[in-house]
Amino acid sequence: MTSPQQPQPQPEPHDTAAPGAAAPMPPAGAPEPPAQHPAEQPEPRPLAAHPRPEQPPAQAPAPQEGGPAREAGTMMLQAQQPPAAAPRKEAGTMMLQAQAAPQSAPLPPQSAPPQGAPKDAGTMTLQAQQPPAASQQPPAAPPQQPNQQPHQPAQQQAPQQPPQQQIPAAWQTAGPGGAAPAYVSPIPVRRTNLGHALASEWTKIRSVRSTLWTLGVMILLNVGIGLMAAVAIAGLGHPTTVVFGSAWFGLLLGTLCVIPLGVLVISSEYGTGMIRTTFTACPSRGRVLTAKAIVLFALTFVITTVSTVLVAVMHAGMIDGPAPTADQWLRATLGSGLYVAVLSLLALGAGTLLRHSAGAISAMMGLVLLPMLLAVFMLGSESLRPVAKAMIEYSVPNSLGALHDAAFMPDGPSGWQPLLILVGVTAVVLGGAYAALEKRDV
């Protein structure tokens, strides 16, 4: 690679240098002659593809209007200014540049470019062109690719619209009376049933802390007070006629914990507004109340029965007396569990009717404790004594004592009768709760 040569003056016609003689090179330290202005340079000579003429190569071709000429084998790296017109490429010339659009096809090697600097064969020019001026003509449009489709009319592009825009029309014609088939959702849809409502209510009742606290305290009172009563009676050293006569003391206090649980199962949802979500997920309100009743009854029955069995075993093993019969075992264990479970359903019905936690709990506490307390004060009056006796006979404490053969009034209900009476009262209250739930708004 040599440095670019400066243009030399053209030889005179009478110059008789021998053909093929090499042109003398200027010394390395010699100063370069001043560059001539493009306007003062002579007209360019056309470059031909045939072998170089029999001219002395010492004289370089005259520079043309577009810029200085380059000798063969010379590589120029320069930044050119934008020419008056886009230069064309000759055969054998490789140009690396960033252009907006490809230029026209190159001219044959015999023809010289009309404008711009000519390039000798074997010359590679690397240049960065500036964007063309506004006066220049815009580059030719690139050839259209085969995959590019021309602009189609609106009526031909209509079938290419997404199918989502045609769904409403398909839905209008779908169905039993339409021409199109009915729409089938890809999401599996299952009909809800009571099992789904039971799963929902079980999740609710076991995920709140009130259930753990109320049932835990009930077990502690039932088992703890029953154990203390058995120890106290066994310490007296006197045999008793009824072994389970004092086993219900702790259970009576345990019912005071089960009643709030039955009320809170539904009244808490009214207080927080969760009942709207429940009825939205399950529009059948009767199904919701049935699921709540089943879950509450099963949970209360299992916990109460297990705890009463423990108390009955402790009394039968620690207290001296006649061996209890099978009926006494069933009423002291299974009957007590059923009685407390039905009492929790009565609290659920009261909570459904009142829809207020504090009001329903107060009403149930009064139903359990108030008749016995009022009857104690009414016994002193001769005229009110029959009413007081009836209130004691049908009270909840006397009913629990009757299940254990230790009723306050021997003339009142006995055996399984207290349980049947409570079942009848609970059925009436729950029936009113179902009717009110269907008619009233949430």
Side-chain angles (χ1 to χ4, degrees), residues 215 218-219 221-223 225-226 229-230 240-259 261-262 293-316 319 321-350 364 367-372 375 388-432:
L215 294 181
M218 190 270 292
I219 295 174
L221 291 175
N222 189 15
V223 177
I225 295 178
T240 59
T241 56
V242 180
V243 175
F244 299 140
S246 59
W248 59 275
F249 293 160
L251 185 61
L252 177 62
L253 297 178
T255 57
L256 303 181
C257 300
V258 175
I259 289 173
L261 176 62
I294 293 175
V295 171
L296 177 63
F297 179 86
L299 181 62
T300 308
F301 172 74
V302 171
I303 297 298
T304 306
T305 303
V306 171
S307 61
T308 52
V309 167
L310 293 176
V311 174
V313 170
M314 289 188 297
H315 278 253
I319 298 176
T325 62
D327 183 64
Q328 290 177 338
W329 274 101
L330 287 176
R331 285 188 283 110
T333 56
L334 184 62
S336 299
L338 288 174
Y339 191 90
V340 175
V342 174
L343 191 62
S344 66
L345 293 183
L346 181 61
L348 174 64
M364 288 300 301
L367 179 64
V368 173
L369 301 177
L370 192 58
M372 180 70 71
K389 290 178 60 176
M391 293 174 63
I392 294 175
E393 291 174 356
Y394 292 96
S395 64
V396 173
N398 188 72
S399 300
L400 285 175
L403 289 174
H404 294 80
D405 294 331
F408 295 109
M409 298 293 179
D411 297 334
S414 60
W416 295 91
Q417 292 179 359
L419 178 60
L420 298 178
I421 294 173
L422 182 62
V423 169
V425 174
T426 303
V428 173
V429 175
L430 279 180

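Here, residue 1 is the first one in the sequence, and each next residue gets the next number.
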Kindly compute the distance separating OG (S246) from CD1 (I225), expressed to the nearest 0.5 Å. 11.5 Å
Show the numbers, then the answer: is there a side chain to side chain contact (heavy atoms under 4.5 Å, CB included) between V342 and L346? CA-CA 6 Å; V342 174; L346 181 61; 5.9 Å; no
Is it true that a side-chain atom of N398 and a backbone atom of F408 form a donor plus acceptor pair closer than 3.5 Å? yes
side-chain hydrogen bond (donor to acceptor under 3.5 Å, both in side chains) involving H404 - partner list, sequence neighbours excluded: S336
To the nearest 0.5 angstrom, please state how far the CG atom of L251 sits from the OG atom of S307. 7.0 Å
Please answer whether the main-chain N or O of F297 pairs with a side-chain N or O of T300 as donor and acceptor at a distance below 3.5 Å. no
Of the non-hydrogen atoms in L403 and Y339, which two are nearest, and what is the gap between them? CD1-CB, 3.9 Å
Once side-chain contact (heavy atoms from CB on, under 4.5 Å) is applied, do any residues pair with A406, and if so which ones, sequence neighbours excluded? W248
Could you tell me whether a side-chain N or O of T304 sits under 3.5 Å from a main-chain N or O of F301, the two making a donor and an acceptor? no
Atom pair SG/CG of C257 and L221 - distance to nearest 0.5 Å: 5.5 Å
Partner set under side-chain contact (heavy atoms from CB on, under 4.5 Å) for M391, not counting sequence neighbours: P371, L374, A375, M378, V387
To the nearest 0.5 Å, what is the distance between OG on S344 and CD1 on I259? 9.5 Å
Quick one: which residue pairs count as a side-chain hydrogen bond (donor to acceptor under 3.5 Å, both in side chains) with a foot in residues 409-432, not counting sequence neighbours? D327-W416
Scanning both residues in full, the closest heavy-atom pair of P418 with S399 reads CB-CB, 3.5 Å
Can any side-chain N or O of T305 pair as donor or acceptor with the backbone N or O of V302 at less than 3.5 Å? no
What pair of heavy atoms forms the shortest contact from V243 to P324, and how long is it? CG2-CD, 4.5 Å
Just verifying a value: how many Å separate L400 CG and F249 CZ, rounded to the nearest 0.5 Å? 11.0 Å
Nearest heavy-atom approach of A312 to T333 is CB-CG2, 4.0 Å
Who are the side-chain contact (heavy atoms from CB on, under 4.5 Å) partners of V242, not counting sequence neighbours? D405
Taking every non-hydrogen atom, the tightest pair across T308 and N222: CG2-ND2, 3.5 Å
Apply side chain to side chain contact (heavy atoms under 4.5 Å, CB included) to the pair L253 and M218, showing each step before the final yes or no. CA-CA 8 Å; L253 297 178; M218 190 270 292; over 6 Å; no
Only counting residues at least two apart or in another chain, list the ones meeting side-chain contact (heavy atoms from CB on, under 4.5 Å) with A350. M364
When rounded to the nearest 0.5 Å, the distance separating CG of L348 from CG of L343 is 12.0 Å
Checking V340, L422, L367, V368 against V396 for side-chain contact (heavy atoms from CB on, under 4.5 Å), the one that qualifies is V368
